[in-house]
Amino acid sequence: METKEFKAESKRLLEMMIHSIYTHKEIFLRELISNASDAIDKLYFKSLTDDKVGLNKEDFAIWLTADEETRTLKITDNGIGMTEEELENNLGTIANSGSLKFKTENKLDEDSQIIGQFGVGFYSAFMVAKKVTVISKAYGSDKAYKWESEGVDGYTITEADKSGAGTEIILEMLDDTEDEKYTDFLDQYRLKSLVKKYSDYIRFPVKMEVTHSRPVEKSDDDENKEPEYEEYVEIETLNSMIPLWKKNKSELKEEDYKHFYTEKFYDYNEPLRYAHVKNEGNANYNALLYVPSKAPFDFYSKEFEKGLQLYSNGVLIMEKCSDLLPDYYGFVKGLVDSEDLSLNISREMLQHDRQLKVIAKSIEKTISSELKKMQKNDREKYEKFWEAFGLQIKYGVYSDYGMHKDKLQDLLLFKTSKEKKFVTLDEYVTGMREEQKFIYYATGDSIERIEQLPQTELVKDNGFEILYLTDNVDEFAIKTLMKYKEKEFKSVSADDLGLENTAKQEEIKAKEEENAGLLKELSEALDGKVSKVILSQRLKSHPVCLTSEGEITLEMEKVLNSMPNGQKITAQRVLEINPEHEIFGKLQAMSDDKEKLGKYAKLLYSQALLIEGMAIENPVEFSNLICELM
Ligand code: ADP
């Protein structure tokens, strides 16, 4: 008989399990029962449409059999079973297992403390067993197979005898050590309490023969004898079988919800918030909704699939029903269970199901209101949420031509020039000064960069707060909103900043007219790179800055041009020169020297580009010009 080796990554996980210093070895039982329940789910689902299965709902069960003499624990199910190939693929390599994928991609191997807080799968059996035997017969197959392994050395698969479809897992317990009494896992009370603790909501009965004792009936002449006891065996169902979401909220503790989450959704981070919804009326459903505390590694990629688990009256009909969540709430995890949906509904039919749409709408409302509650009552958590998923909400504002902006705008947070902490738009507007007409914003790669932008000087000097937009999508979202509470958004680079200092404006206008020739000269020297050169109203200490006129701003130009296969788009650039800066006097003085003026124009333009965080077009020329000056 050939001993096969485990695939490399399976071997690693296996080693990790065997040498685990994790104290909760008891979770192996939860894992094996969950697998058994999943397998029964599959066959039960088949049985609803296929009479050949020949089993009724009450026939399905998971059995635990403990034998202290042989030191074995057997977990038996009459589920879908595994073919030889499936035994090989599922247990020989676990690359397909959801839990392993999660673990390797999150590099948890180094930290075995964390394992056990979420699904660790079949291999957890090796935390308590020296030998694991799996005897399985797939539904529809006439052959059964036996998979055996004593750990990292490998496994064997041979033909076996088994009557019905299903799987039997036999664990030969490790010898007791000083630290761990594996014998305990064969004790009926321990097993009962473990099932209650971890697997109570499993939808199929977990059954066990439990030995009780009772006093023996005494005959009259035995009066004075010591009482005698006899043992008898009873089959008990150890779990209540009520799914968590169907239980009364009053029966459940925060821990129950959190535990359910970490186990069911492979996330070892506790959720930031959960909601248990019991909805009646136009849509009847129960739902458990969770806001994770971290974005999954693939969240902002094409691979990410949003969706909630969908149950029809307790039976899982779809693992990820994407129609239940709008894209902007795609981060929400959880499940929905409704009696209103037909069990045999296909994916295609589901998309058009009216009832599903009603449920989705109601769920969206719940999510919105939960997020708002979190923003109001638990700001710290909300900001955590925002750091993880804010980008998605901002995309939501911008997407579908702004169709969703009204319901999303109050979820937005931005850092601002004041204290650099997050504010909502409502908080910004409430804090606006009386004479302030606009909601000001500035864009840049980072807060530090924006802080240095010359364009922000004047607005700040007026004592007005500025929203700092650092994500690519920000300005697009702001442009989609256009206004918030009747207040228009205004970029600090815009022409009309709405600042009341007409006297100064007039003065600069006059200066511009006086120097019209010079400005034209500068603009021509830049050879079409800017649409004009003007004297700046907004600069105080900096010599120059770059702004734009028209719809496309410099920031938008950057974003649009960085998109794959985006067309080249350029903003109409305006070079602003500070008339109060001494450089302006120098320019005036050299107005007769066209050649020199041209060089200065290029230098100033390049400087402005650098300040904007944009690449200069000809770095060699720039460097040469500077050397020349030096
Ligand atoms: P996961 O449950 O995370 O997918 P496991 O390592 O627990 O990973 O199990 C691997 C796979 O083996 C399962 O996805 C399932 O296909 C199969 N499997 C495990 N236990 C059983 C069982 N009792 N009956 C049928 N298939 C099973």
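Whatever order the structure lists ligands and atoms in, that order sets their numbers, starting from 1. Numbers for residues simply follow the sequence, beginning at 1.
- Cation-pi contact between Lys57 and Tyr44: present, with separation from the ring centre below 6.0 Å and deviation from the ring axis of at most 45°.
- Of the candidates Leu43, Thr76, Asn90, Leu87, Asn90 brings a heavy atom nearest to atom 11 (C) of ligand 1.
- The residue from Asn78, Asn35, Ile80 that puts a heavy atom closest to atom 20 (N) of ligand 1 is Asn35.
- With sequence neighbours excluded, no residue satisfies side chain to side chain donor-acceptor pair (under 3.5 Å) with Asp256.
- Residue pairs satisfying the ring-ring contact (aromatic ring centres under 6.0 Å, His included) criterion with at least one member in residues 70-89, sequence neighbours excluded, are absent.
- At least one heavy atom of Tyr266 sits under 4.0 Å from some atom of ligand 1.
- A salt bridge links Lys130 with Asp175: the distance from a Lys NZ or Arg NE/NH1/NH2 to an Asp or Glu carboxylate oxygen falls below 4.0 Å.
- With a 6.0 Å radius and a threshold of 12 heavy atoms from other residues, nucleotides or ligands, Lys162 has its NZ atom above the threshold.
- Counting non-hydrogen atoms of neighbouring residues, nucleotides and ligands closer than 6.0 angstrom, the NZ atom of Lys247 exceeds 12 such neighbours.
- In this structure, Met82 counts as a contact residue of ligand 1, since one of its heavy atoms falls inside 4.0 Å of the ligand.
- Within the set Gly166, Gly79, Ala39, Ser124, the minimum heavy-atom distance to atom 25 (C) of ligand 1 is found for Ala39.
- Remark: ligand 1 and Phe122 share an N or O pair separated by less than 3.5 Å (distance only, no angle test).
- Here is the list of ligand 1 atoms found below 4.0 Å of a heavy atom in Asp77: 22 (C), 23 (N).
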